[in-house]
Amino acid sequence: MRGALSGLSSTSWISTFLKRPGRWKTACRGVLSVSHSQARALVAGSGSVPPAGSNFRSGARRECLPEALLVPWTSSVRFPSTRSDREDCPPRLPVSRICVLLPLAVRRLIWKPVREGESTPPRCELQNMGHYSALAVAMEAFREHRGWKRVWRSPEPRRRYDVIIVGAGGHGLATAYYLGKNHGITNVAVLEKGWLGGGNTGRNTTIIRSNYLQDASAAIYEKARALYETLSQDLNYNVMFSPRGVLMLAQTEHEVRGYRRTAHANALQGVETEFIEPGRVKELCPIIEVRGPRYPVLGALWQPRGGTARHDAVAWGYARRCSQMGMDIIQKCEVTGIRTAGGEVSGVATTRGDIDCGKLGIVVAGHSGHLANMAGFRLPVESVALQALVSEPIKPCMDVVVMANTVHGYMSQSDKGEMVIGGGADGFVNYTQRGSFSHIEETVRALVETFPMISRLKMLRHWGGIVDMTGDRSPILSRTPVGNLFMNCGWGTGGFKSIPGSGWGFAELMAKGESPLCAEFGLDRFREGRFIDESVAAGVAH
Amino acid sequence: MLILTCPCCGIRCDETELAPGGEAHLKRFGPGSSDEEFEDYLFMRANPMGVHFERWLHVYGCGKWFHAARNTVTLEVYGTYPAQVHAPPQEIRDMISTRVPGWRWKDDS
């Protein structure tokens with residue numbers, strides 16, 4: 001997994017060089033031997049990066065160089081570019097050799113290799129998964145990027161762990177990460193039946209916001225959003241958090257009233273949101289048709305620090321840190337049964353053998369009901385398909401996230417230029433992870449009225465994910481009837497945005513037995529009638 | 001796309017013509033029942049991977065409720081039948097048994 005490369009490639013010229021290491025080398029020679037501005041010129045005129053030496057001395061580019069730079073260049077370091085040159089000059093240390101040796105020397109100075117039998121360094125050092133930095137990228141450039149290690153280990157399962165998390169999606173990995181980071185529990189396995197981040201973590205539309213009506217929801221979603229702000233630094237992995245702002249359009253009078261109420265609630269909760277008028281909406285997102293024949297934009301709930309992040313990178317970043325802490329991430333390992341003894345969980349049966357555990361956390365989104373059945377209880381959730389699609393990449397045209405809940409559609413533009421479009425959820429139980437044409441039609445038909453310019457856009461891909469919906473559209477983070485077995489499910493259509501907050505709270509719940517973030521989200525709220533009703537406030541598109 | 005035949009008017013209709021109504025054959029609990037039973041009836045759902053019985057409303061058609069037997073993993077439809085029953089009819093059960101060996105109707109309801 002070359003996660004490092006994909007994580008760091010947001011700056012396009014870096015990625016150009018990462019893909020073509022030879023070119024990087026050539027340019028580096030230029031960087032070291034000519035001035036910074038000339039290096040920039042080299043990068044800008046990327047079609048004709050000259051081989052070191054020759055071009056600068058004799059080519060047309062010489063005319064562009066200031067004389068002052070040319071003097072020391074020609075007088076001190078001459079490059080033997082032709083046979084006659086070589087005969088003329090005395091042999092000198094070639095710059096290309098300096099470029100290779102100098103970084104090695106620098107690395108030698110700042111990086112102390114670990115020898116056998118030395119005092120125990122942190123485990124991450126031993127596994128040599130290193131620290132990602134601009135320096136590391138530069139270092140790797142000199143060996144043509146062949147030194148990157150795998151981002152996480154793939155060990156064989158051990159016989160027993162203190163804690164087993166079922167499900168290596170964003171929520172499961174975040175739970176494992178905060179178990180280790182906040183509570184010092186690192187004897188943890190994360191089991192995944194497929195591949196890491198291959199479920200809803202890799203299928204959502206990457207929207208992050210926290211403008212919820214109810215206090216309990218706002219608390220956990222705002223915690224998550226706040227953690228996203230510094231997640232790249234915490235994980236030392238670029239999750240490409242982009243707080244570009246989220247607009248939730250009010251297209252009916254009912255929604256206007258609803259969002260005004262939410263804005264007031266958010267003001268009390270300390271979540272920064274604002275209800276804005278149509279003129280401001282048009283300013284923020286010029287491609288919107290606010291007058292619309294059927295769905296006029298009457299205003300919007302604006303959260304300026306909402307946005308998007310790269311969903312795969314969130315899972316990969318957490319996985320890397322978990323692996324560095326010594327946790328085992330075991331993929332292609334499906335849980336087939338849950339073993340209990342005396343009303344408490346004792347372990348799981350998997351396709352790779354039985355594994356014992358002290359505590360078990362089930363974080364499997366759409367398959368929660370299935371695993372609860374294995375443990376012998378039922379959940380108030382139903383698993384339904386939620387669908388999304390992306391268009392062909394186009395030039396930047398929209399730098400905010402727009403959600404239109406009345407028409408069941410939401411849209412943002414990815415860094416690649418694709419318009420990422422999400423639709424509504426189905427109303428019937430389904431485990432197929434497939435999309436349906438009726439949903440494409442429904443979603444796109446509605447969005448075209450709000451965004452007329454997308455009417456001739458071609459769609460590239462379309463997919464479905466299985467989400468677990470509760471009656472009040474709020475999640476369940478709870479103990480269960482089985483001792484030491486904890487459930488984190490019911491995120492429905494709003495899972496991705498809450499990953500860090502969910503992991504934070506659920507880890508605390510698993511470690512200490514209670515957590516203020518999760519207190520309201522217990523399974524018993526259904527019996528007691530303490531619903532956290534978000535279905536009215538934001539029931540369509542989370 | 002999910003296509004069901006409405007047993008009331010006989011029309012083959014796709015999901016856009018229908019409104020889903022959730023799990024079928026729930027046993028109702030009301031006044032006088034225990035908290036557990038009431039909670040179970042109101043909120044807890046089987047949500048199975050595999051054979052599932054559901055209520056559907058032919059909303060843009062005859063307007064009648066009916067039941068469907070479906071597989072939630074393969075999306076195979078075993079059949080539809082009128083809503084005025086407490087359990088799936090025998091021919092639907094036989095159909096499912098031939099398609100899913102080992103399947104049994106839960107007799108507890």
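The sequence lines fix the lettering, A, B, ..., with proteins before strands; numbering per chain opens at 1. If you're wondering where the values come from, they're calculated on a predicted model, not measured in any experiment.
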Self-check item: F526(A) and F38(B) aromatic centres sub-6.0 Å
Solution: no

Interatomic spacing from [atom1] in [X] to [atom2] in [Y] - rounded to 0.5 Å:
X       : Y      : atom1 : atom2 : answer
E442(A) : T16(B) : CD    : OG1   : 9.5 Å
D472(A) : F43(B) : CG    : CZ    : 8.0 Å
F428(A) : E23(B) : CZ    : CD    : 15.5 Å
S436(A) : M1(B)  : OG    : CE    : 5.5 Å

Self-check item: Most chain B-contacting option - heavy-atom pairs closer than 4.5 Å, from S383(A), G369(A), G529(A), A372(A)
Solution: S383(A)

Quiz item: With respect to chain B, which residue among R434(A), H370(A), E441(A), Q433(A) yields the maximal number of heavy-atom pairs within a distance under 4.5 Å?
Solution: H370(A)

Can you confirm whether more than 12 heavy atoms, excluding those of [X], are under 6.0 Å from its [atom1] atom?
X       : atom1 : answer
R527(A) : CZ    : yes
F437(A) : CZ    : no
W103(B) : CH2   : yes
R352(A) : CZ    : yes

Quiz prompt | Over all atoms of both residues, closest heavy-atom pair of P20(B) and G427(A) | solution =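 Heavy atoms of P20(B) and G427(A) come nearest at CB-O, 3.4 Å.
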
Self-check item: Contact summary for E54(B) and V429(A), nearest pair of heavy atoms
Solution: OE2-N, 3.6 Å

Examine whether an atom of [X] lies under 4.5 Å from a heavy atom of chain B, and if so say whether it belongs to the side chain, the backbone or both; otherwise answer neither.
X       : answer
V381(A) : both
D468(A) : neither
N430(A) : both

Report which part of [X] has an atom under 4.5 Å of a heavy atom belonging to chain A: side chain, backbone, both, or neither.
X      : answer
A46(B) : both
L42(B) : neither
D40(B) : both

Exercise. Show your reasoning for whether side chain to side chain contact (heavy atoms under 4.5 Å, CB included) applies to D426(A) and E15(B).
Key: CA-CA 10 Å; D426(A) 282 341; E15(B) 64 187 75; 4.2 Å; yes

Exercise. Output the residues of residues 63-72 of chain B for which the shortest heavy-atom distance to chain A is under 4.5 Å, in residue-number order; output 'none' if no such residue exists.
Key: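 Heavy-atom contacts from residues 63-72 of chain B to chain A are R70(B), T72(B).
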
Quiz item: Which is it for Y431(A) and N47(B) under the side chain to side chain contact (heavy atoms under 4.5 Å, CB included) test, yes or no, and what are the steps along the way?
Solution: CA-CA 10 Å; Y431(A) 283 91; N47(B) 197 24; 3.5 Å; yes

